[in-house]
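What follows is a short report on a single structure.
Naming convention: chains lettered A, B, ... in sequence-line order (proteins, then strands); numbering from 1 in each chain. Quick note: numbers below take in every heavy atom, side chains included, and nothing from hydrogens, waters or symmetry partners. Just so it is clear, the model here is predicted, and its values are computed rather than measured.
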Number of protein chains: 2
Amino acid sequence: MECIGPTISKEEIKKLNKILTFSPEIEELSVFFGLWKNPARLKIFYLLSIEKKLCVCDISEVLGITISAVSQHLSKMKAYNIVKYKRENQTIYYYLTDHPLNLKIKEHFIDSLNI
Amino acid sequence: MECIGPTISKEEIKKLNKILTFSPEIEELSVFFGLWKNPARLKIFYLLSIEKKLCVCDISEVLGITISAVSQHLSKMKAYNIVKYKRENQTIYYYLTDHPLNLKIKEHFIDSLNI
DNA sequence: TTAGTATTTTAGTAAATTATATAATACTTA
DNA sequence: TAAGTATTATATAATTTACTAAAATACTAA
């Protein structure tokens, strides 16, 4: 079905379209939210906010998914600077970064969870 | 590969597992973030925060996607109480609700977009 | 240097997401 | 009531996601 009668002016439409057609900031935000729409990653975030540092193996045990799956989640989170890691002997510990969006997610969404 | 040596105790693992295995709040949050991981829905949200009310046809023009696609996005957003609508003659206008998570998203993420 | 532990990478698959096109529905107004 | 406009619902195809299993890599410590 065609769009015959928009309720805002052609100019307004053109202006808004221009603003939004190429908007890297929105794309970036979208990717960022994409990371949080996954319950496993939300849980990892929650765990790391409590325990400060954990290894892949710990998280795998707690969440009940394979180490491989956890590693892949962490790798995605690492790519967006949500977590970092440091090695201590054989164990690689992951911990949350102080990425500004991280802080917002924690403060406004995670900390208010009633669990 | 098996997990032989977790770095936290069996009790700690069991406790955390119990907390997280069934956690409707996290599932809910996950669904909510899922709504914003889509750039089109982020843009719709942004548009509605500027224009206050818009019809499917307006949004379709601005975003350059079919009316059908917009309608489906709005329907998903409606289901989670992000938008409501009211009919005025033939036109159905959508507008943002004051859902508390809505306000947080707007205040902390949308308003700080530099576009 | 070799065996053992920890983790990542790769490959494959099932499920979810997002878009389009088309059909159906809802309402207005001539 | 019939024609026209606006919107939603349904079916489907393409893409993305998220998991597992197995192979590869990285490091430690005997």
Side-chain angles (χ1 to χ4, degrees), chain A residues 1-8 13 21 26-27 30-45 48 53-80 83-95, chain B residues 1-8 13 21 26-27 30-45 48 53-80 83-95:
Chain A
M1 177 63 63
E2 266 291 288
C3 186
I4 297 173
T7 70
I8 54 179
I13 287 176
T21 294
I26 285 193
E27 297 297 329
S30 139
V31 170
F32 205 79
F33 283 131
L35 291 168
W36 302 120
K37 78 118 201 188
N38 180 291
R41 285 193 291 269
L42 274 177
K43 288 174 184 176
I44 291 173
F45 189 89
L48 287 176
K53 68 175 190 180
L54 290 169
C55 69
V56 178
C57 171
D58 295 327
I59 298 172
S60 160
E61 292 274 338
V62 174
L63 299 193
I65 59 179
T66 61
I67 289 180
S68 174
V70 172
S71 174
Q72 287 173 66
H73 283 307
L74 285 170
S75 142
K76 201 169 269 190
M77 293 168 83
K78 199 170 56 188
Y80 288 95
V83 299
K84 280 186 178 164
Y85 67 91
K86 65 179 167 197
R87 178 183 278 273
E88 293 180 14
N89 299 331
Q90 270 145 301
T91 306
I92 293 178
Y93 285 99
Y94 281 86
Y95 58 94
Chain B
M1 179 63 61
E2 267 289 289
C3 185
I4 296 173
T7 70
I8 54 179
I13 287 176
T21 294
I26 285 194
E27 296 299 327
S30 143
V31 170
F32 209 76
F33 282 131
L35 291 168
W36 278 296
K37 76 120 199 191
N38 180 289
R41 285 193 292 269
L42 272 178
K43 288 174 183 176
I44 291 174
F45 190 88
L48 287 176
K53 68 174 190 181
L54 290 168
C55 70
V56 178
C57 172
D58 295 327
I59 298 173
S60 160
E61 292 275 337
V62 174
L63 299 194
I65 59 178
T66 61
I67 289 180
S68 175
V70 173
S71 174
Q72 286 174 69
H73 284 307
L74 286 170
S75 141
K76 199 170 270 190
M77 294 168 82
K78 199 171 57 190
Y80 288 95
V83 298
K84 280 186 178 164
Y85 67 91
K86 65 179 166 199
R87 179 181 278 273
E88 292 179 16
N89 300 331
Q90 269 146 301
T91 306
I92 294 178
Y93 286 99
Y94 282 86
Y95 58 94

With sequence neighbours left out, what residues match B:Phe45 under ring pair (Phe, Tyr, Trp, His ring centres under 6.0 Å)? B:Trp36
Check the surroundings of atom NZ in A:Lys78: do more than 12 heavy atoms from other residues, nucleotides or ligands lie under 6.0 Å from it? yes
Those residues at least two apart in sequence (or on a different chain) that pass side-chain contact (heavy atoms from CB on, under 4.5 Å) with A:Ile92 are A:Tyr85, A:Arg87, A:Tyr94
Mind checking salt bridge (charged side-chain N to carboxylate O under 4.0 Å, His left out) for B:Lys53 and listing every partner two or more places apart, or none if nothing turns up? B:Glu88
Non-neighbouring partners of A:Ser30 that pass side-chain hydrogen bond (donor to acceptor under 3.5 Å, both in side chains), sequence neighbours left out: none
Contact list (N/O, under 3.5 angstrom) for nucleotides 2-4 of chain C vs protein:
{"unit_1": "C:dG4", "atom_1": "N2", "unit_2": "A:Gln90", "atom_2": "NE2", "d": "3.4"}

For atom NZ of A:Lys78 and atom C1' of C:dT8, their distance in whole Å: 8 Å
Could you work out, with side-chain hydrogen bond (donor to acceptor under 3.5 Å, both in side chains) as the rule, every residue matching A:Ser68, not counting sequence neighbours? A:Gln72
Using side-chain hydrogen bond (donor to acceptor under 3.5 Å, both in side chains) as the criterion, list what pairs up with B:Thr66, not counting sequence neighbours. none
Treat primed atoms plus P, OP1 and OP2 as sugar-phosphate and everything else as base, then score nucleotides 14-20 of chain C 5' to 3': B for base contact with protein heavy atoms under 4.0 Å, S for sugar-phosphate contact only, - for none. ---SSSB
Mind calculating the distance between CG (A:Leu54) and C1' (C:dT7) to the nearest angstrom? 15 Å
What is the nucleic acid contact for B:Tyr85, judged by heavy atoms within less than 4.0 Å: base, sugar-phosphate only, or nothing? nothing
Tell me every residue that passes side-chain hydrogen bond (donor to acceptor under 3.5 Å, both in side chains) with A:Lys43, counting only those two or more places apart in sequence or in another chain. none
